[in-house]
Amino acid sequence: MTKKLLLIDGNSIAFKAFYALYTAMDKFTNPSGLHTSAIYGFNRMLDKVLADEKPTDVLVAFDAGKTTFRTKMYADYKGGRAKTPTELSEQFPFLKELINARGISTYELPDYEADDIIGTLAKKAEEAGDYQVVIVTGDRDLTQLTSDKTTVQVSKKGVTELETYTPKHVEEKLGVKPSQIIEIKGLKGDNSDNYPGVEKVGDKTAVRLVQQFGTIDNLYQNIDQVSGKKLKEHLIHDQAQAERAHTLATINRDAPVTVSLDQLKYQGDNIDKLTDFYERMGFKSFLAKLSVDDQDHADDQADIQYTVLSAKNAAELDQFTDEVTFHLEMSEENYHTSPLVGFAIGQGDKWYVTNDPELLHNQHVIDLLTSKTIKKNVFDAKRTYVGLYRQGIELANVDFDMLLVSYLLNTTNNSNDVGTVAHLHGFYNVKTDEEVYGKGAKRHIDPQSPAFLAHLVHKVKAIDALHDGMFKDLDAHNQSKLYWDIEIKIAFVLAHMEINGIKVDAATLEGMGSKFKERLAEIEQTIFQEAGEEFNIGSPKQLGKILFEKLRLPILKKTKTGYSTSVDVLEKLAPDAPIVQNVLDYRQISKLQSTYVDGLLKVIHPDDSKVHTRYLQTLTQTGRLSSVDPNLQNIPVRSEEGRLIRQAFIPSHPGWQIFSSDYSQIELRVLASITDDQNMQDAFKNGEDIHATTARRIFGLPSNEEVTPELRRQAKAVNFGIVYGISDFGLASNTGITRKQAHQFIERYFEEYPGVKKYTEDIVEFARNHRYVETIAHRRRYLPDINSKSFNLRSFAERTAMNTPIQGSAADIIKIAMINMADAIKDMKTRMLLQVHDELIFEVPDEELDTVKQLIPSVMDSAIHLNVPLKVESHWGKTWYDAK
DNA sequence: GAGATCAGCGCGT
DNA sequence: TTACGTGCTGATCTC
């Protein structure tokens, strides 16, 4: 029987894992302060490779130290590298402990790198005959070891994503044989290992030369045949360097390793040691997996038992009379337009699956899905509802929406993928779509493959398996009402809004577009004349060169890659040079053109001249919705030129009106209510202008009449700032006052609104104790950084603690209003079209206008009872533009 | 040369 | 060094 030897390049994988999780490093620490990111990433990689390869023998090789036979030969080898961060180096001893607990040996050899150990053992195994060898590394140089018996897997960006190299694959990708990789490296050198090859020879040239000559030796023997005079000169001049680079790049396959192949047997996890280790590292998900694996191994096989659904056996679906789990698979993200590729349905241990969406029209399937008594468990109710609705099937009685529940339990790390969410909740017997279908351009769904059907079954099984536990968690969070009364209901309200869509007049947009095009061409010419040369105005880099190098305008702000050219900078520079104002105009118009004219035209549906956005219900950290394809929550309104875009948004029937109602200052009203600040509440109860009142209070004026527009503007900035948890620095830069003044404003604000001051202190204290904050409806946001040692992270978490209950409660309120609204207008012709955070937009026939003028605001302002009144303002007109 | 990802920018509440 | 988002273009990296 053949054995399979897995050889892992410990250092390179640890490095990759560490840098893959670099930004999240502070989240990966155990209670004693040890960083654990590299250990975590390494273990994820191990899990994957052990599962995929099922090796019989395994070794992890490490570098022994800084000096090796290569540094003796060339002192600068790997010179100039930054010192390994202590956050990583402190992890190595524990990493080795992990590897041993997983039943795997580690090995290192003085004077040699891990590469050489791996090369040597791979060679021994190949010579022994009955081995297959798999090498896992982060370093593509090791692909020189591929052969018909040895494959090399190189980690891509993350650590768990591996690309497999066989000799064929190496040749396809690099254009040369594996053994010729060292010839390439000899010619071009290696920047990261800090040794040069031949000057002016890069990838392209090196490959060409190696394809022509095979080896460097042969190249120099036939140097006369090299085409290109300069190239030849460089080759001759750098011959010694090339030969040295060749040697440095060559993996030593005869290193004096002292372990033998028969010492490498893979022992499997030592559960006791591993449990102890995971506990010390704080690896909850791995701990969960340990226990799940224990239970699951038995039913791994039984697991993939399913029946392929057909017209013949569909009657068997009648056995489900109580509840059923259902998943509708679509090949694309946009469920309004995506093809349907299959579905799975079942419960308990009876699972049916098909790649034929036509079976949705089978009466037994329809009866099940539309039954008002049989409960349905799904992942993403809105998506499923819309997908079925397109087939004329109205999904009814959704019980468990795994996506939605997962989002409510924890808004961070949520995902639209069943597998990913399942893993998050400790269920591992399902793959992610990316694992099964691939990603990006390589993504491909093959509905004919058995893997496809199995994947769908695993998905429904995951949903079924997590149903009870996640509902319990929801209850433990006191979030069941949030789920049942708000989120699951709003999902269907949103579905209908999306399906209904809003009509967009393409001709209006096209008219605007051609005007913009002319105007852009004009301004462009002016700018080129002023600059004295042509360049790409849309490139901040090129623009920066022109403005700050050629024209020598003062550099007011920098970004991490160069000069800042953002509006606030350009506005300050505009008086200095006319070109700047032209750039600002150009920017404004090209934004309108690309994002709104061209962008919207692209997504108008040809059949109904409408756009059908998708509201993402499970994305934001605060409970707001977001909108995509197209985003209808950022249609211009502030500048008149931009606002004209709204003329293209029209009712879907002639003579109807676009009707818009928005909450006035909902966030400040929420603030007044939850802080229980009497002064702020009084202002709202008395119907005062809140910004004027704030100005009067903080500037100590006798009455609101004394407040000048400038003072009101400043007070408004403070009000906003408080909602966002601003600092004096931020307030100063925002309003153009000094930092000291800003500090005084904030002090005065807290004196006048003491309830607000107390709230900001209390909520941060709550967050420190509980690690989360909540909205009125018990929507929860975790703040893991609230006790961070990093000032920036901690400050951010503190601001979030103040803002999220405000912004999130406002989101709760409008969602409740929308649910009530859908019910209030259900027998009318009026349709609710859009939600823009504090605003609802409708289309209304003339005969209902008088009714909705009363009805809509009253539904909105009665959505919830606060300690202050909610105020709603309405506008209408023949287009969205005119609803002002 | 195409595709993926990052950076900068600007649109909304 | 003020919260939450989408999406465009260009630059850069990767294959």
Side-chain angles (χ1 to χ4, degrees), chain A residues 140 154 156-157 163 169 172-175 203 411 439-443 535-544 557-570 583-584 587-600 602-603 613-616 619-639 642-643 645-646 662-663 665-667 717-735 739 742 746 781 791-792 795-796 798-808 810-811 814 834-839:
Chain A
R140 215 175 301 120
V154 182
K156 294 165 103 171
K157 189 151 184 283
E163 180 169 22
H169 188 52
E172 279 169 10
K173 294 205 78 140
L174 308 180
D203 256 317
T411 53
K439 72 163 175 174
K442 290 198 199 82
R443 183 181 148 98
F535 66 101
N536 188 338
I537 306 167
S539 157
K541 193 179 164 187
Q542 295 181 35
L543 178 65
K557 203 168 89 178
K558 290 194 141 200
T559 66
K560 59 180 159 183
T561 53
Y563 316 110
S564 169
T565 66
S566 59
V567 256
D568 50 321
V569 173
L570 295 193
V583 170
L584 283 167
R587 283 250 181 95
Q588 190 193 14
I589 297 169
S590 68
K591 172 79 178 179
L592 294 175
Q593 177 80 303
S594 65
T595 304
Y596 297 106
V597 175
D598 298 343
L600 277 171
K602 258 183 257 174
V603 290
T613 188
R614 282 179 297 132
Y615 288 103
L616 306 187
L619 182 135
T620 69
Q621 299 303 303
T622 54
R624 276 186 175 181
L625 302 173
S626 75
S627 157
V628 294
D629 289 342
N631 179 1
L632 295 177
Q633 292 181 319
N634 72 341
I635 303 301
V637 68
R638 293 181 193 184
S639 78
R643 192 171 195 150
I645 296 283
R646 295 184 173 219
D662 64 283
Y663 283 109
Q665 278 130 16
I666 189 167
E667 292 192 347
V718 182
N719 273 329
F720 267 91
I722 294 295
V723 170
Y724 296 151
I726 203 174
S727 66
D728 50 7
F729 183 96
L731 183 61
S733 71
N734 199 277
T735 54
R739 186 169 173 177
I746 294 172
R781 180 177 185 176
F791 175 82
N792 281 338
S795 300
F796 187 80
E798 287 169 0
R799 291 196 294 273
T800 310
M802 299 181 227
N803 173 263
T804 294
I806 310 296
Q807 192 183 115
I814 195 163
L834 304 175
Q835 187 249 46
V836 191
H837 307 308
D838 64 358
E839 178 185 10

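For clarity, every value in this text was computed on a predicted model and none was experimentally measured. First the proteins, then the strands, lettered A, B, ... as listed; each starts at 1.
Counting all heavy atoms, side chain and backbone alike, A:Val597 lies closest to A:Ile645 at CG2-CD1, 3.9 Å.
For A:Asn719, the side-chain contact (heavy atoms from CB on, under 4.5 Å) criterion is met by A:Leu668, A:Ile690, A:His691, A:Thr694, A:Tyr749, not counting sequence neighbours. A search for side-chain contact (heavy atoms from CB on, under 4.5 Å) contacts involving A:Pro540 returns A:Thr565, not counting sequence neighbours. Judged as a side-chain contact (heavy atoms from CB on, under 4.5 Å), and not counting sequence neighbours, A:Ser594 has no contacts.
Rounded to an integer number of Å, the gap from A:Asp838 CG to C:dA3 C1' is 14 Å. Taking atom CZ of residue A:Arg739 and atom C1' of nucleotide C:dT1, one finds them 8 Å apart after rounding to whole Å. Rounded to whole Å, atom C1' of B:dC9 lies 12 Å from atom CG of A:Leu584. As a whole-Å value, the separation of A:Glu667 CD from C:dA3 P is 13 Å. The distance between atom CD of A:Gln835 and atom P of C:dC4, rounded to the nearest whole Å, is 17 Å.
Closest to the side chain of A:Ala441, out of B:dC11, B:dT5, B:dG3, is B:dG3.
Although no hydrogens or angles enter the test, the distance criterion places a donor-acceptor pair under 3.5 Å between the side chain of A:Arg646 and the main chain of A:Ile635.
In the region residues 557-567 of chain A, proximity to DNA chain B at under 4.0 angstrom, judged on heavy atoms, holds for A:Thr559, A:Lys560, A:Thr561, A:Ser564, A:Thr565, A:Ser566, A:Val567.
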**Message:** As a check on the pairing definition, encode DNA chain B in dot-bracket form, counting Watson-Crick and G-U wobble pairs whose two distances are under 3.5 Å, and using | for partners outside this strand.
**Reply:** |||||||||.|||

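A:Phe791 comes within 4.0 angstrom of no nucleic acid atom, judged by non-hydrogen atoms across all strands.
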**Request:** Mark up nucleotides 5-15 of chain C, 5' to 3', with B wherever a protein heavy atom is under 4.0 angstrom from a base atom, S wherever such an atom reaches only the sugar-phosphate, and - elsewhere.
**Result:** BBBS-SSS--S

